[in-house]
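A short worksheet on the structure shown next.
Scope of the values below: all heavy atoms of this structure, side chains included, with no hydrogens, waters or symmetry mates. On a predicted model such as this, the values are computed, not experimentally measured, just so you know. To find a chain, count down the sequence lines: A is the first, B the second, and so on, and within it residues start at 1.
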Amino acid sequence: MNDSILRPANEAELVDAIRGHQQITPCGNMTKPAMSTMTRDGDTTRVSLSAMSGVIEYEPSEFTFTALAGTRIDEINAVLAGRNQYLPFDPMLVQAGATIGGTVAAGLSGAGRFRFGGLRDFIIGCSFVSGDGKMIRSGGKVVKNAAGFDIPKLMVGSLGRLGVMTELTFKVFPKPASTLTLVVNCQSSDNLNRRISEAAASQWEFDAIDSRRNEFNLYLRLAGPPQVNQAIAAQVSGRWGDDVRELDSSDSFWQSVTELTFAGDRSHVVKVPASSQSLCDFDHHASAADNIVWVATDDIAFLSERLTKLALTGLVVRGDWNQAIIGKIYQSQLSRNIKAAMDPLNRFGE
Amino acid sequence: MTITRADDRVMDLGKLFPADRFVCDAASRSAFESDGLAAFRAKPLAVVIPETADEIVAAVRWCFENDVPFVARGSGTSLSGGSLPVADGIVIALNRMNRILDLNPDARTAVVEPGVINLKVSQAADPYGLYFAPDPSSQTVCTIGGNVAFNAGGAHCLKYGMTSNHVLGMKVVTAAGEVVTMGGASTESIGPDYTGLFCGSEGLFGIALEITLRLLPKPEMFHTVLIGYDSLRAAGDAVSAVIESGLLPGAIEIMDAVSIEAAEAAVKCNYPTGAAAVLIVELEGPKERIAFERELLQRVITATSPVVQMIAKDHEQRMGIWKGRKSVFSAVGRLSPDFLVQDGVVPRNRLGEALVAIEKLSVDSGIRIANVFHAGDGNLHPLIMFDGNIDGMLHRAEAVAADLSQLCISMGGSITGEHGVGMEKRDFLAKMYDANTVEMFDRLRRAFDPKLISNPGKMFPGPEAPSLGMAGLHPLEKAGVIQRE
Ligand SMILES: Cc1cc2nc3c(=O)[nH]c(=O)nc-3n(C[C@H](O)[C@@H](O)[C@H](O)COP(=O)(O)OP(=O)(O)OC[C@H]3O[C@@H](n4cnc5c(N)ncnc54)[C@H](O)[C@@H]3O)c2cc1C
Ligand SMILES: Cc1cc2nc3c(=O)[nH]c(=O)nc-3n(C[C@H](O)[C@H](O)[C@H](O)COP(=O)(O)OP(=O)(O)OC[C@H]3O[C@@H](n4cnc5c(N)ncnc54)[C@H](O)[C@@H]3O)c2cc1C
């Protein structure tokens with residue numbers, strides 16, 4: 001890796017940068033350094049999208065916006081909030097400075113993905129530069145579009161290996177007037193499991209269903225007008241009695257999840273799509289009714305081994321490591337073919 | 001009919017299947033010669049009917065080794081010619097792959113074979129208070145495999161997204177014969193979203209063998225309102241007002257006067273009279289939320305000067321409202337011997353403008369057009385009515401359809417919201433996307449299908465299409481006196 005970082009100011013400069021260098025690692029602001037660590041030797045040039053920043057189109061009545069890839073999520077959130085709209089999937093590491101491009105490439109959705117779906121369900125368009133230096137514009141700017149292959153979705157989780165994104169279009173939703181968070185103490189793991197299922201299948205429409213297994217705690221977020229939230233909360237208390245209480249500073253609780261500060265000073269946090277039960281002996285937080293597990297650890301080599309044994313895959317979201325994906329790694333001829341189609345010169349690394 | 005070399009080889013494929021599940025007689029092949037877009041017809045060499053995933057894989061691998069094109073087929077309800085066979089290829093019919101392999105109420109997932117009928121999933125999930133959200137109007141017959149391949153939609157896309165948003169993972173066989181697992185049982189995955197890419201691939205990548213679906217809790221309550229306006233434009237403006245209010249309805253639909261007339265004639269849905277257009281808005285959710293939102297909706301509607309209003313008081317009345325809406329396509333069949341359904345999308349705030357332009361197209365061409373659409377997401381379904389027995393009419397109808405596609409592109413929309421590009425709109429793909437992007441689509445396709453044997457002739461512009469257009473038929477063929485073999 002050479003030390004220079006290129007910061008193209010526009011698409012033309014980015015295309016030149018890509019055509020002019022043999023090995024490239026794209027990045028945003030590097031909130032997730034493991035993901036832009038190059039595993040191969042040689043003269044790799046970092047290309048940061050941080051100078052290509054800004055919301056360039058916003059149509060509140062369409063529920064859509066388009067932003068340059070280097071735009072920070074906090075900036076996007078502020079623009080949307082001005083018209084009472086939001087990205088319902090709770091983007092991660094907002095305060096740490098995550099960019100929209102880095103967020104798509106990392107494929108990260110937070111607790112809010114439970115109700116309406118994750119990042120993949122809200123991305124509708126994406127422009128990017130392919131490995132052979134071509135500008136591609138796929139998807140579109142209307143909320144519904146079935147024409148052509150869905151490359152915007154393919155870019156979700158692509159970790160900068162398939163193309164360098166320049167511009168992204170997202171669908172957004174009206175922002176609920178308020179949220180209310182309930183903590184349900186479940187006393188045992190079995191009881192916690194039961195209540196997660198019950199909450200997830202209920203008609204109460206929780207906005208987020210998270211849990212901390214070591215405390216047997218279930219965290220339920222309601223979103224909507226305050227009186228509606230209160231009425232539903234009363235019903236939940238009716239069902240689970242004294243185990244239910246309102247969390248007073250719910251914002252800071254959910255921030256501890258999206259910013260991963262719940263992990264304290266543990267050096268690494270790894271995202272594992274799986275039920276949390278198989279990872280009980282690690283510090284962890286589970287989101288989306290046990291579909292996403294955030295594992296905190298100081299011993300990432302040990303975690304990687306464990307994941308491999310369980311045939312699980314993890315993504316290193318916080319902390320430096322020599323590879324972004326740990327545990328069981330699936331490779332197919334198809335994935336190699338897709339990589340070759342998008343990056344025929346293998347500029348972006350494996 | 002002369003026996004070609006390809007026909008000969010197809011008999012070898014037959015050895016992989018019992019006689020009753022490999023059909024190559026003319027009559028059986030005719031049953032598969034077109035889909036919901038009957039203007040295109042082509043007879044395949046043979047049809048195989050697998051009953052296991054292994055049989056599908058074997059058929060695909062055989063096709064790959066022998067350079068024989070194939071088309072996967074669910075129920076053949078595609079409206080864009082997506083499941084039209086290739087004349088020198090085979091059809092892999094998936095109707096017998098119709099088992100629900102696993103239904104997990106705790107994880108709220110269902111693992112299904114591709115030939116499972118859409119509605120059957122919701123029926124199986126019903127005892128657990130769950131359902132499968134994507135509900136195309138064809139849901140009583142279309143298959144999950146077809147829904148995945150076309151990324152099918154329906155009335156609920158604004159709030160719930162399309163099929164793709166409800167598919168967690170799948171096992172597929174690529175056209176090159178590799179069996180690949182994508183995604184999984186979790187709502188989240190790591191690495192590129194191959195599942196998302198496969199959805200909407202229109203059968204050009206290979207065949208989905210097994211699909212993991214996300215199930216949702218059934219809403220506790222619905223609040224369904226039918227509102228009449230004195231113009232289409234007023235109905236369109238009302239959509240914006242609803243959206244601006246911060247409400248997120250489960251469905252927002254519009255029907256114009258011709259659609260209302262057709263629905264009324266067909267199913268006597270008892271829509272209130274005197275409206276030039278009706279808007280259907282449906283809220284859904286917990287009763288506490290509905291109690292609040294119905295008042296807000298009422299205030300918004302009152303401010304839009306409706307001419308008439310009807311609120312469904314019970315399940316029966318709600319079903320009545322939906323029956324009218326859902327019957328429009330078949331009802332229009334009563335008003336006109338033939339029709340083409342378009343599926344363009346325009347930005348929601350240009351709906352009014354688009355409708356005025358469509359009206360003008362109708363007047364200029366002398367062709368009647370009915371409009372029914374998923375207004376919440378700007379997805380138009382103009383029904384272009386014509387009589388195919390009158391010389392040149394199909395041509396004229398197709399010209400109107402082409403103008404409509406062009407209109408959607410020029411407004412910054414899309415040529416298809418849910419019916420796919422298929423055979424019908426393939427010339428427009430390159431009008432919607434630039435050359436680099438179409439080339440990238442092609443490269444991705446070849447990553448799955450290096451020999452271009454999976455559903456060739458669809459989606460991409462170009463001469464490779466092996467199928468026939470009605471307009472190109474000999475008059476005697478049209479009259480059914482002679483047939484091409
Ligand atoms: C612990 C920590 C705390 C921080 N705190 C702050 C803070 O308080 N304030 C502050 O301003 N900054 C902070 N930073 C700096 C900071 O890293 C960010 O600002 C950062 O934005 C994020 O970009 P990214 O993280 O989204 O993407 P990256 O982490 O740079 O990249 C993630 C992945 O996405 C890929 N990628 C990124 N962009 C693209 C693209 N356009 N196309 C294709 N692939 C792409 C990369 O290759 C990589 O695989 C912090 C960083 C860390 C590690
Ligand atoms: C009356 C009517 C109403 C309709 N309403 C709607 C609507 O509201 N919304 C909507 O979106 N569509 C609608 N459609 C269109 C159609 O029903 C959908 O596109 C549906 O998804 C097609 O399913 P099918 O099983 O009939 O697929 P087919 O028509 O058999 O096939 C469609 C495509 O899928 C491919 N395919 C099928 N199975 C597989 C598989 N297992 N793996 C890979 N590819 C496969 C085929 O090759 C073909 O390209 C309607 C059609 C009709 C006739």
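Between the CZ atom of B/R108 and the OG atom of A/S197 there is a distance of 6.5 Å, given to the nearest 0.5 Å. The CD atom of A/Q227 lies 11.0 Å from the CZ atom of B/R289; values are rounded to the nearest 0.5 Å. Rounding to the nearest 0.5 Å places SG of B/C408 at 11.0 Å from CG of A/N145. Separating the OG atom in B/S240 from the CD atom in A/E62 is a distance of 8.0 Å, to the nearest 0.5 Å. Here OG of B/S186 is found 9.5 Å from CG of A/D290. Values are rounded to the nearest 0.5 Å.
Listed by first then second residue, pairs satisfying salt bridge (Lys or Arg N to Asp or Glu O under 4.0 Å) with a partner in residues 179-196 of chain B read A/R113-B/E188, A/R120-B/D193, A/K271-B/E188, not counting sequence neighbours.
Side-chain contact between A/I232 and B/P286: present, with at least one pair of heavy atoms (C-beta onward) separated by less than 4.5 Å. The side-chain heavy atoms of A/P273 and B/I190, taken from C-beta on, include a pair separated by under 4.5 Å. B/E244 has its side chain within reach of A/S61: a pair of non-hydrogen atoms, C-beta onward, lies under 4.5 Å apart. Proximity of A/F63 to B/I243: side-chain heavy atoms (C-beta onward) are separated by under 4.5 Å at one or more points. For the pair A/K153 and B/N165, the minimum side-chain heavy-atom distance is below 4.5 Å. Side-chain contact between A/P174 and B/L247 is absent, with no heavy atoms from C-beta onward closer than 4.5 Å. Looking at heavy atoms from C-beta onward, B/M182 lies in side-chain contact with A/L334 at the 4.5 angstrom threshold.
With hydrogens and angles ignored, the 3.5 Å screen pairs a side-chain donor or acceptor of A/N291 with a backbone N or O of B/T187. Distance alone, capped at 3.5 Å, places no donor-acceptor pair between the A/Q203 side chain and the B/P217 backbone. Judged by distance alone, the side chain of A/Q333 and the main-chain N or O of B/E178 form no donor-acceptor pair under 3.5 Å. In this structure a side-chain-to-backbone donor-acceptor pair under 3.5 Å is present from B/Y433 to A/A147.
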CA sep, side-chain torsions, deciding dist, call: B/R443, A/D132, salt bridge (charged side-chain N to carboxylate O under 4.0 Å, His left out): CA-CA 12 Å; B/R443 287 198 218 168; A/D132 49 345; 2.6 Å; yes
Stepwise side-chain hydrogen bond (donor to acceptor under 3.5 Å, both in side chains) check, A/K134 with B/N436: CA-CA 7 Å; A/K134 293 189 172 159; B/N436 280 348; 4.8 Å; no
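With 3.5 Å as the limit, one finds no donor-acceptor pair spanning the side chains of B/E288 and A/Q230.
Contact tally against chain B (heavy-atom pairs below 4.5 Å) for A/D150, A/V142, A/L119: the top residue is A/V142.
With a 4.5 Å cut-off on non-hydrogen atoms, B/L130 touches chain A through its side chain but not through its backbone.
Between B/F198 and A/F149, the distance separating the two ring centers is not shorter than 6.0 angstrom.
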